[in-house]
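Since the structure comes first, as structure tokens, the remarks are kept for the end.
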Amino acid sequence: MIPKKIFIVLSLLVCAALLGCAGKNYGDEQYQLRMATAGKDIMWVPSKVDMVHKMLEAARVGPQDIVYDLGSGDGIIPIEAARKYGVRSVGIEYNPDLVELAKRNARRADLERLVSFKRGDIFVEDFSEATVVTLYLGEALNARLMPRLLQMRPGTRVVSNVFRIESWIPDQEIRSATGEMAFLWIVPAQIEGVWTFSGVPGVSQMSAQLRQKKQFFDAQVFFDGRRVAEIENARLQGSLMELQFSHGGRSYALRGQVQAGQFVGQFNKDPQLQVTGRRSP
Ligand SMILES: C[S@@+](CC[C@H](N)C(=O)[O-])C[C@H]1O[C@@H](n2cnc3c(N)ncnc32)[C@H](O)[C@@H]1O
């Protein structure tokens with residue numbers, strides 16, 4: 001078995017070799033950037049532009065988004081996000097030469113208005129305003145970032161080139177035309193706990209005990225304190241939650257948005273039948 005760290009370094013080197021340009025200057029006249037230049041926690045290897053576009057497309061980047069690339073290298077991801085979607089984007093990078101190069105690249109692309117680069121450590125800097133986070137870092141660094149990523153606003157999209165995030169099952173796998181992989185996750189709302197719901201037709205008191213496993217959850221449903229259904233492996237989509245079950249020959253579907261311990265949704269997709277819910281403190 002190859003140790004994980006060596007595997008990641010080898011993977012990045014293979015990427016570099018496949019890109020086929022160990023001696024090429026990826027920088028400019030002011031900074032000579034070579035493939036596999038050492039970085040703080042991981043070396044510099046660039047994402048390919050077609051993969052960057054696929055990653056941003058999978059994240060459904062829209063006009064309201066703020067894209068953060070953690071370990072932004074020469075700035076390719078923030079620059080492409082701004083160029084393609086007109087969004088504000090930020091790169092955080094430890095290597096000061098790369099930060100300056102990325103700034104010059106943004107200036108050359110005439111995108112300084114939208115793109116900025118911050119010199120800093122991704123494990124120290126604040127990126128909580130991001131609605132889309134991009135990564136090309138390696139599995140161990142992704143795993144270290146996971147607790148912070150899971151604390152981000154529900155619905156934030158996280159896209160990682162090549163590497164997975166430990167135990168967090170991706171919501172989508174992305175494949176480039178040349179067969180390389182990237183992965184997308186949507187940060188789930190926090191729903192663990194006991195909920196009470198009002199507005200369910202024919203039910204005086206409905207509650208549910210929810211057990212969360214990142215974007216998946218199991219639920220036990222109670223009517224008037226009596227267990228009537230069990231739901232396994234339901235999936236959250238950011239803050240969109242759906243509870244679907246049958247009882248007494250009837251189908252129930254509560255679908256709506258969760259925010260700060262409150263649920264607002266519809267019963268059986270009927271806009272006239274509003275259901276609300278509250279999580280016990
Ligand atoms: C594999 S490169 C990816 C560059 C760029 N995101 C891309 O996709 O082309 C990883 C980058 O992370 C930077 N880096 C490594 N550790 C870092 C840290 N702790 N904080 C900020 N940047 C870091 C490296 O200098 C390098 O530029």
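For the numbers below, each heavy atom of this structure counts, side chains included, while hydrogens, waters and symmetry mates do not. Note that ligands are numbered from 1 as they come in the structure, with each ligand's atoms numbered from 1 the same way.
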Region of Leu98 engaging ligand 1 - heavy atom pairs below 4.0 Å:
side chain

Can you find an N/O atom of Asn95 closer than 3.5 Å to an N/O atom of ligand 1?
no

Determine, considering heavy atoms only, which of Gly75, Ser47, Ser72, Gly39 sits nearest to atom 8 (O) of ligand 1.
Ser47

Residues Glu166 and Asn142: side-chain donor-acceptor under 3.5 angstrom
no

Set of residues satisfying side-chain hydrogen bond (donor to acceptor under 3.5 Å, both in side chains) with respect to Gln209, sequence neighbours excluded
none

What atoms of ligand 1 come closer than 4.0 angstrom to any heavy atom of Asp41?
15 (C), 16 (N), 18 (C), 19 (N)

When the ring planes of Phe183 and Trp185 are compared, do they come out parallel, tilted or perpendicular, using 30° and 60° as the limits?
tilted

Keeping to residues at least two apart or across chains, list the ring pair (Phe, Tyr, Trp, His ring centres under 6.0 Å) pairs with something in residues 33-68.
Tyr26-Trp44

Residue portion contacting ligand 1 (non-hydrogen atoms closer than 4.0 Å) for Asp69:
side chain

Nearest heavy atom to atom 23 (C) of ligand 1: which of Phe123, Tyr26, Trp44, Tyr94 does it belong to?
Tyr94

Gly71, Pro46, Ala36: member with heavy atom nearest to atom 6 (N) of ligand 1
Gly71

What part of Ile76 sits under 4.0 Å from ligand 1 if we count only heavy atoms: the side chain, the backbone, both or neither?
side chain

Here's one to test your reading of the geometry: is the NZ or CZ of Arg278 within 45 degrees of the ring axis of Phe263 and under 6.0 Å from its centre?
no

Under 4.0 Å, heavy-atom basis, I'd like to know which part of Asp74 is in contact with ligand 1: side chain, backbone, both or neither.
neither

Note: ligand 1 atoms sitting under 4.0 Å from heavy atoms of Val45 are 1 (C), 2 (S), 3 (C), 4 (C), 9 (O)

Does the side chain of Arg227 pick up a donor-acceptor pair with the side chain of Gln220 at under 3.5 Å?
yes

Strictly below 4.0 Å, N to O, side chains only: are Arg119 and Glu93 in salt-bridge contact?
no

May I ask you to check whether Phe222 and Phe197 place their ring centers less than 6.0 Å from one another?
no

If you count the atoms of ligand 1 from 1 in the order shown, which ones are under 4.0 Å from a heavy atom of Gly120?
20 (N), 21 (C)

Are Glu139 and Arg164 within salt-bridge range, i.e. N to O under 4.0 Å?
no

Would you check the N or O atoms of Met43, main chain and side chain alike, for any that come under 3.5 Å of an N or O of ligand 1?
no

Could you list which atoms of ligand 1 come closer than 4.0 Å to a heavy atom of Ile42?
10 (C), 12 (O), 15 (C), 16 (N), 24 (C)

For Ile77, the ligand 1 atoms whose distance to one of its heavy atoms is below 4.0 Å:
8 (O)

